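What follows is one structure encoded as C-alpha cells, with my remarks underneath.
Predicted model, so just to flag it, every value in this text is computed and none were measured. In what follows, every heavy atom counts, from backbone to side chain, and hydrogens, waters and symmetry copies are set aside.
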Amino acid sequence: MKAAASSQGLSMPNIRPGRIVAWTLLFIGGVIMVTPLLFMLSTSLKDASQVYDLRVIPEAPTLDNYIEILGDGRFTRWLLNSTLVAVIVTLSNVFFDSLVGYTLAKFRFRGRYIVFIAILSTLMIPTEMLVLPWYLMASQFGWIDSYWGIMFPGMMTAFGTFLMKQFFEGVPDDFLEAARIDGLNEFTIWWKIAMPLITPALSALAIFTFLGNWTAFFWPLIVTTSAELYTLPVGLSSFAVEQSIQWEKIMTGASIATLPTLIIFLFLQRYIVRGVMLAGLKG
C-alpha cells in the first residue's frame, strides 16, 4: 500500500521554511500598511462623540460626515483645485521632461553633459531650501495666491528629465534616421516615433507626478492666502486650526482624497511596477 501511495504521488508538498517566513513577513507588513487606512475610514463613519473610540467597527456608523463634506462648497472647490493643478503639472512634466530628455539623449552638441549635470545637481537641493527663491520669484511676478504660483515650481523636474533621457537612449537610432530620410522633422520624429517606444516610462512619470502634486502640502500652503485657492491637503488642514480639531471631518476628507490614488494604483499598478523596474535597469 505504501508503495502504491508513493507511486501515485501522494507525498506532501515541499514548502521551504524561507518561503513561510517571507509570506509571514509580507502578511505582517500588509497589515501594518492597511491599518491606518482602516482607522481613517472607521473614523470617517463616526460622529464627534465616537472619534476617540478606537474600535475599528463603529458602534453607530453614520454617513453624515460624507453628506456634510460633499455638501460643503469649500471642499468641492478644494477638490477641483487639486485636480486642476495635478493634471496640468502632470501634462507639463510629460511634455517638457520628455522633450528635454530626448534632446539630451539623441543630439550631440557642445555643453550637453554640462547641461545634464546641472539639471541633475538640482536633485541634491532640498525642497525646503528652494521655497524662499520660489516665493521671491512668485512675489516679483505677481504669482502669489494664484494657480500659476502653485504650479510653476513643478512644471518641469530634474527627475523626469533624467528618467526620459535614460529611456530615450535605448531607442534605436536607426528608427530615427529612417524617419529623417522619409522627410519628417525632429518634433514629429520625437512625437510619433520615439514617444510611443517609451510608453512604460511615460506612464510611470505621469503617475508619480500626479500623485506627488495631488498630495502636495508645503508649497501650496505657503503660496496661497485665500481659501478659494486651497488645494485639498491645505483645505483639510483648516479643520485643525479652528477652535477645535474636527477629526471626523479631517478623516472623511482624507478618505475621499485617497480614492483617486487607490483607483490609479489598482488600475495602473502594472505600469508603475514596469516603469520602476525598467528605470532600475536603465540606471
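Within the 4.5 Å cutoff, the side chain of I189 has heavy atoms near those of the Y102 side chain. Two residues are said to be in side-chain contact when any heavy atoms from C-beta on lie closer than 4.5 Å; I198 and M164 meet this criterion. Side-chain contact between T103 and K165 is absent, with no heavy atoms from C-beta onward closer than 4.5 Å. The shortest distance between side-chain heavy atoms of F162 and I119 does not fall below 4.5 Å. No side-chain heavy atom of D64 sits less than 4.5 Å from a side-chain heavy atom of D47. Contact of the E186 side chain with the R180 side chain is registered, since non-hydrogen atoms from C-beta on lie closer than 4.5 Å. Between T209 and V89, the closest side-chain pair of non-hydrogen atoms falls below 4.5 Å. S42 places none of its side-chain heavy atoms less than 4.5 Å from the side chain of P61.
Applying the 6.0 Å contact sphere to CZ of F27 captures no more than 12 heavy atoms from other residues, nucleotides or ligands. Other residues, nucleotides and ligands contribute over 12 non-hydrogen atoms within 6.0 Å of the CZ atom of F107. For I57, the CD1 atom is loosely surrounded, since the number of other residues' heavy atoms within 6.0 Å does not exceed 12. Heavy-atom neighbours of F116 CZ from other residues, nucleotides or ligands within 6.0 Å: above the threshold of 12. Other residues, nucleotides and ligands place more than 12 heavy atoms under 6.0 Å from the CG atom of L262. Within a 6.0 Å radius of CH2 in W134, other residues, nucleotides and ligands contribute more than 12 heavy atoms. For CZ of F175, the number of neighbouring non-hydrogen atoms (other residues, nucleotides, ligands) closer than 6.0 Å is 12 at most. Within a 6.0 Å radius of CZ in R110, no more than 12 heavy atoms belonging to other residues, nucleotides or ligands are found.
Taking the charged nitrogens against the carboxylate oxygens, K46 and D53 have no contact shorter than 4.0 Å, which rules out a salt bridge. Classification of R77 and E228 as a salt-bridged pair fails, no side-chain N sitting under 4.0 Å from a carboxylate O.
Considering every non-hydrogen atom in both L163 and A201, the closest pair reads CD2-O, 4.1 Å.
Side-chain atoms of T231 and N81 include no donor-acceptor pair closer than 3.5 Å. When only modelled atom types and interatomic distance are considered, T225 and D145 share a side-chain donor-acceptor pair under 3.5 Å. Of the N and O atoms on the side chains of S44 and N65, not one donor lies less than 3.5 Å from an acceptor on the other residue.
Remark: F210 pairs with W214 by the ring pair (Phe, Tyr, Trp, His ring centres under 6.0 Å) rule, at least two apart or across chains. Remark: F217 pairs with no residue by the ring pair (Phe, Tyr, Trp, His ring centres under 6.0 Å) rule, at least two apart or across chains. Take F141 and apply the side chain to side chain contact (heavy atoms under 4.5 Å, CB included) test, not counting sequence neighbours, and it matches M137, W143.
Interatomic distance, CG of L45 versus CD of E248, reported as 12.0 Å (0.5 Å rounding). Going from atom CD1 of I144 over to atom CG of L229 covers 11.5 Å, rounded to the nearest 0.5 Å.
If you look at F95 and W190, their ring centroids are closer than 6.0 Å.
Under the 3.5 Å distance criterion, the side-chain polar atoms of N93 are matched with a main-chain donor or acceptor of G154.
When each of V234, V131, N213, T224 is tested with W219 by the rule side chain to side chain contact (heavy atoms under 4.5 Å, CB included), just one qualifies, namely V131.
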